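Computed from heavy atoms alone, side chains included, the values below leave out hydrogens, waters and symmetry copies. Note that the coordinates shown come from a computational prediction; the quantities given were computed from them, not determined experimentally.
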Amino acid sequence: MKLSGCNLPGIIVMVFVMLSSSSTFAITNFNVLNFGANPTGGTDSTDSFLKAWNAACGTADSTFIYVPKGRYLVGPLAFKGQCKSSQIIIRIDGTIVAPLDYGVLGKSNNWFSFEDVSGVSIIGRGTFDAKGPSLWACKASNSNSCPSGATTLSFTNSNNIRINGLTSLNSQMFHIVINGCQNVHLKGVKIIAAGNSPNTDGIHVQLSRNVEILSTSIKTGDDCISIGPGTENLWIEQITCGPGHGISIGSLAKDLKEEGVQNVTVKKTVFSNTQNGLRIKSWARPSNGYVQGVRFIDSVMRNVQNPIMIDQNYCPRNENCPGQVSGIKINDIVYEDIRGTSSTPIAIKFDCSDKNPCTGIKLQNVNLTYLNKAAQSFCSNVVGKAIDLVRPNSCL
């Protein structure tokens, strides 16, 4: 069934679709305009969006919320689960804009927050414009009065989630967060923020299982994709990253008791002018956490500062560093078909814990250069092997 998103008259339109000769299902449509949303952005539409959600959530049929073309001024919203509907599709073709006063969003943790929901899909060609630059400027001024900022789109303790085709522009903080979720599929998303925007991770995944991130473009000021503790069965493919800090597992070892990261595949990625490419990072702190079963396959590096990196002495700006050793156990990590250019002499860096050395590290068909000449590699407390062509010469 194809839903065009057009011609949705009235508050509720019932659409019956034949699934077989003997069964049908109903989709109930809700257009935010019919709940008072203003498509010119002249007045606040927050309450209208919440009313549309509550109507959809309270309907037993599968439901369809439509945001047509236009500009909608919307403040922080929390969409709660336990809905009667087993499927809610939200199609956004318009632009959702944040209030000009960055404090309206900035004092909240999230802009659009979905909690304990199941079967929610957000699709369309629309844009979330969080108007982050004013808050970034406040932070750059070192003012103590700046709020932390809000994540644009957050899913917590939710299942069977789909995000397809949307654009997240100038988020105050993280663009998309997947926390405590299962069965999440993201595809065709565009994430855009300035290279110097603080803490604007593109997509952050933690405490979640069975997550796919496909065919997505990320330009931001922090990690393009960050992977936190408790992530299992994560598949990342066809990602372009830059500017940004690359794709990072971690930072880990923030807590003594921390769930591990396992079964992660990162495939067919392109990094352009990024701080890092493929990175695993942990603080030098005791922890029972681990990273295992990671496959980095088919990546192109274009002028990347640290194309391949494991850093178990992570300490940004050398502030509040514990001066201990990392307890994170890193094992069974494969780098295969990685090629391109490093913007620094050391293209491969494995700086592992002397208490828990990295083991099972494999490099295969790696070809990285620096200024059209040979690059270097650095290894500390790491055990592994190099197969076939590996440049720079492996120190494994």
Side-chain angles (χ1 to χ4, degrees), residues 109-110 113-116 148 151 153-159 161 173-184 186 199-213 218 220 222-236 239 244-266 276-296 309-316 320-322 324-334 350-353 355-361 381:
N109 291 327
N110 305 295
S113 174
F114 292 83
E115 304 170 16
D116 301 304
S148 297
T151 290
L153 185 60
S154 173
F155 281 88
T156 303
N157 298 330
S158 298
N159 304 309
I161 305 302
M173 285 276 285
F174 291 17
H175 288 259
I176 299 173
V177 168
I178 307 298
N179 177 27
C181 298
Q182 294 189 49
N183 302 324
V184 180
L186 293 90
N199 301 118
T200 53
D201 294 50
I203 301 170
H204 178 71
V205 182
Q206 67 178 23
L207 300 172
S208 297
R209 302 176 61 186
N210 304 328
V211 177
E212 291 183 324
I213 304 172
I218 305 174
T220 193
D222 211 297
D223 292 334
C224 289
I225 300 175
S226 54
I227 303 161
T231 299
E232 181 178 352
N233 300 337
L234 170 63
W235 188 279
I236 298 169
I239 306 298
H245 293 180
I247 294 178
S248 295
I249 296 177
S251 54
L252 305 176
K254 291 182 179 179
D255 300 311
L256 179 61
K257 294 184 178 180
E258 192 173 79
E259 294 190 39
V261 175
Q262 60 185 330
N263 299 336
V264 175
T265 298
V266 179
N276 308 289
L278 306 167
R279 176 171 61 159
I280 301 172
K281 57 178 178 173
S282 75
W283 293 86
R285 293 174 178 155
S287 176
N288 68 339
Y290 60 87
V291 180
Q292 65 183 23
V294 177
R295 302 291 180 264
F296 297 116
M309 187 179 200
I310 297 178
D311 181 6
Q312 291 205 263
N313 295 287
Y314 175 69
C315 182
N320 302 316
C321 301
Q324 302 179 57
V325 294
S326 177
I328 299 294
K329 298 174 180 62
I330 297 176
N331 176 57
D332 187 19
I333 314 296
V334 175
F350 297 133
D351 185 10
C352 298
S353 168
K355 180 180 180 181
N356 294 291
C358 300
T359 59
I361 308 301
N381 305 309

So, do [X] and [Y] sit near enough that their side-chain heavy atoms are less than 4.5 Å apart?
X      : Y      : value
Ile280 : Val261 : no
Val291 : Ile310 : no
Asn183 : Asn159 : no
Ile203 : Asp201 : no
Ser353 : Asn381 : no

Counting N and O atoms only, with roles assigned by atom type, does the side chain of [X] sit under 3.5 Å from a partner on the main chain of [Y], one being a donor and the other an acceptor?
X      : Y      : answer
Glu258 : Gly289 : no
Thr151 : Asn110 : no
Gln312 : Ile328 : yes
Ser282 : Ser251 : no
Thr220 : Thr200 : yes
Asp223 : Ile225 : no
Asn276 : His245 : yes

Heavy-atom closest contact (Ser226 atom, His204 atom, distance): OG-ND1, 2.7 Å

Which atom names give the shortest non-hydrogen contact between Tyr314 and Trp283, and what distance separates them? O-CE3, 3.2 Å

How many angstroms lie between [atom1] in [X] and [atom2] in [Y], if you round to the nearest 0.5 Å?
X      : Y      : atom1 : atom2 : result
Leu207 : Asn157 : CG    : CG    : 9.0 Å
Ile330 : Ile361 : CD1   : CD1   : 7.0 Å
Asn210 : Glu232 : CG    : CD    : 7.5 Å
Asp311 : Phe350 : CG    : CZ    : 12.0 Å
Gln292 : Asn331 : CD    : CG    : 6.5 Å
Leu252 : Arg285 : CG    : CZ    : 11.5 Å

Using a strict threshold of under 4.0 Å (side-chain N to carboxylate O), is an ion pair present between Arg295 and Asp332? yes

For side chain to side chain donor-acceptor pair (under 3.5 Å), just list the numbers for Asn233 and Asn263, CA-CA rounded to whole Å, side-chain angles, deciding distance to a tenth of an Å, and then say yes or no. CA-CA 5 Å; Asn233 300 337; Asn263 299 336; 3.2 Å; yes

Pairing residues for Cys358 by the disulfide (SG to SG under 2.5 Å) criterion, not counting sequence neighbours: Cys352

Only counting residues at least two apart or in another chain, list the ones meeting side chain to side chain contact (heavy atoms under 4.5 Å, CB included) with Val184. Ile161, Ile178, Cys181, Leu186, Val211

For Asn109, side chain to side chain contact (heavy atoms under 4.5 Å, CB included) partners two or more places apart: none

